[in-house]
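The next block holds one structure in the form of structure tokens; read it before the comments.
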Amino acid sequence: MASSATEYVTHHLEHLTVGDGFWTLHIDTLIVSWVLGLIFLGLFYAVARKASVESPGGLQNVIESCVEFIDQQVSDSFNGPKDFVAPLALTIFVWVLFWNLMDLIPVDLFPEIMKLFGVEYVRILPSADMNATFGLSLTVLLLIIIYSIKGKGAKGFGKEMFCHPFGSHPALWPANLLLNIVEMIAKPVSLGMRLFGNLYAAEIIFILIALLPVWAQWVPGVAWAIFHILVIPLQAFIFMVLTIVYLSLAYESH
């Protein structure tokens, strides 16, 4: 029984992959992420095309509230031009939210469907894949560097890296540079690890609940799903807010 339970858990944590070693691609993560991204774009585009001031529909009201809320978050936290940061924050929030919502789909549904097509392994929760969360956070790291140069200029960015926080004496440059590099790397690492850790743990719990007899799954399954419904938007919100804050800190002079 213990062996079969271990095999069940291990099987559900395997990705559909192609390639080998460092260049292994998680095809399931990539496909699900692309599909969810297209759904996000298609949904917002369809609502924007049919938007009405006189008689807005329910979905339009939800999307407008979401856009206004995120725009306010950017206005409160980011002091630079927000023509790019606001759409970025909206994209991150909705995309990560859609990622996380995949955790509410029964754990056996897609694996059983894919077995009919000869696919042995599949995972549909991108935010429980460290490659996805770190891929997104590395994009944030790149933007942090870009906004640091944009806000301070190349000279100002270099001066901050070498002269902050201990001082501008040349003997302190190595210590300043090392500390700033560690701080810069820690930001995307914390972003990626936080999202991955929370959703990976949630996925494990759903898999363990699925090991119970069918009649015993309902109470813990429903209870955990209800609790997880609160975690899903919270994790997307945290990722978005920290991204805005990190870009704001990068853009400002210290």
Side-chain angles (χ1 to χ4, degrees), residues 28-106 109-110 123-129 132-140 142-144 146-147 188 191-192 194-196 198-199 202-203 206 222 224-248 251:
D28 42 13
T29 296
L30 291 172
I31 291 175
V32 172
S33 297
W34 272 97
V35 169
L36 294 177
L38 291 173
I39 290 173
F40 158 51
L41 293 175
L43 184 64
F44 273 61
Y45 178 73
V47 170
R49 283 193 62 188
K50 299 179 180 179
S52 171
V53 178
E54 294 78 13
S55 56
L59 184 58
Q60 179 183 333
N61 288 329
V62 171
I63 290 179
E64 285 182 351
S65 299
C66 179
V67 171
E68 290 173 3
F69 172 73
I70 292 174
D71 187 68
Q72 187 61 48
Q73 294 296 318
V74 174
S75 298
D76 292 342
S77 303
F78 188 75
N79 296 322
K82 62 178 185 177
D83 52 334
F84 176 79
V85 176
L88 171 71
L90 176 65
T91 301
I92 287 176
F93 176 76
V94 178
W95 202 20
V96 174
L97 176 65
F98 281 11
W99 275 6
N100 297 349
L101 284 172
M102 301 304 288
D103 203 22
L104 296 178
I105 296 175
L109 179 60
F110 274 90
R123 289 177 72 185
I124 61 167
L125 182 58
S127 40
D129 182 356
T133 60
F134 272 91
L136 190 58
S137 63
L138 286 175
T139 303
V140 174
L142 178 61
L143 289 171
I144 288 173
I146 291 172
Y147 269 83
L191 277 177
R194 180 182 291 105
L195 180 59
F196 165 76
N198 280 280
L199 271 297
E203 183 185 32
F206 276 122
V222 171
W224 182 244
I226 292 173
F227 171 76
H228 199 49
I229 288 173
L230 303 176
V231 175
I232 285 171
L234 178 62
Q235 290 304 315
F237 175 75
I238 291 173
F239 200 107
M240 176 201 72
V241 168
L242 288 178
T243 298
I244 299 170
V245 171
Y246 290 158
L247 292 180
S248 179
Y251 189 79

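Just so it is clear, the structure is predicted and the values come from calculations on it, not from any experiment.
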* Asked: What are the two closest heavy atoms between Ser77 and Ser248, and how far apart are they?
  -> O-OG, 2.8 Å
* Nearest-0.5 Å distance, CE of residue Met240 to CG of residue Leu97 -> 11.0 Å
* Asked: For the residue pair Ala132 and Pro126, what are the closest heavy atoms and their distance?
  -> CB-O, 3.2 Å
* **CG-CG distance between Asp129 and Asp28, expressed to the nearest 0.5 angstrom** => 7.5 Å
* With side chains defined as the heavy atoms from C-beta onward, is the minimum distance between Ile105 and Met102 less than 4.5 Å? -> yes
* Shortest non-hydrogen contact between Val74 and Ala89, atoms and distance -> CG2-CB, 3.9 Å
* With His228, the side chain to side chain contact (heavy atoms under 4.5 Å, CB included) member among Leu101, Asn100, Asp103 -> Asp103
* Structure fact -> In this structure, CG of Leu242 is separated from CZ of Phe237 (nearest 0.5 Å) by 9.0 Å
* **Parallel, tilted or perpendicular: ring planes of Phe84 versus Tyr147, cut at 30 and 60 degrees** => parallel
* List the atom of Pro233, the atom of Phe93, and the distance in Å for their closest heavy-atom pair. => O-CE1, 3.9 Å
* To do: Would you indicate whether the side-chain heavy atoms of Leu247 and Phe78 approach each other to under 4.5 Å?
  => yes
* Asked: Any side-chain heavy atom of Trp99 sitting closer than 4.5 Å to one from Leu136?
  -> yes
* Structure fact -> side-chain hydrogen bond (donor to acceptor under 3.5 Å, both in side chains) pairs touching residues 82-93, sequence neighbours excluded, are Asp71-Lys82, Ser75-Lys82
* Roughly how far, to the nearest 0.5 Å, is the CD1 atom of Ile232 from the OG atom of Ser127? -> 8.5 Å
* Asked: So do the side chains of Leu90 and Cys66 get within less than 4.5 Å of each other, counting heavy atoms only?
  -> yes
* Asked: Mind checking whether Thr133 and Phe239 have side chains closer than 4.5 Å, heavy atoms only?
  -> no
* Atom CG of Leu59 and atom CD1 of Ile63: how far apart are they, to the nearest 0.5 Å? -> 4.0 Å
* Summary of salt bridge (charged side-chain N to carboxylate O under 4.0 Å, His left out) pairs that have at least one residue in residues 84-98, sequence neighbours excluded -> none
* Can you tell if the side chain of Leu138 reaches within under 4.5 Å of the side chain of Leu142, non-hydrogen atoms only? -> no
In a table with atom names and distances, give each donor-acceptor pair under 3.5 Å that connects a side chain of residues 35-50 to protein atoms at least two apart or in another chain.
none

* Asked: Does the gap between the ring centers of Trp95 and Phe98 come in under 6.0 Å?
  -> no
* How many angstroms lie between atom CD1 of Ile92 and atom OG1 of Thr243, to the nearest 0.5 angstrom? -> 4.0 Å
* Structure fact -> Scanning both residues in full, the closest heavy-atom pair of Ile229 with Leu104 reads CG1-CD1, 4.0 Å
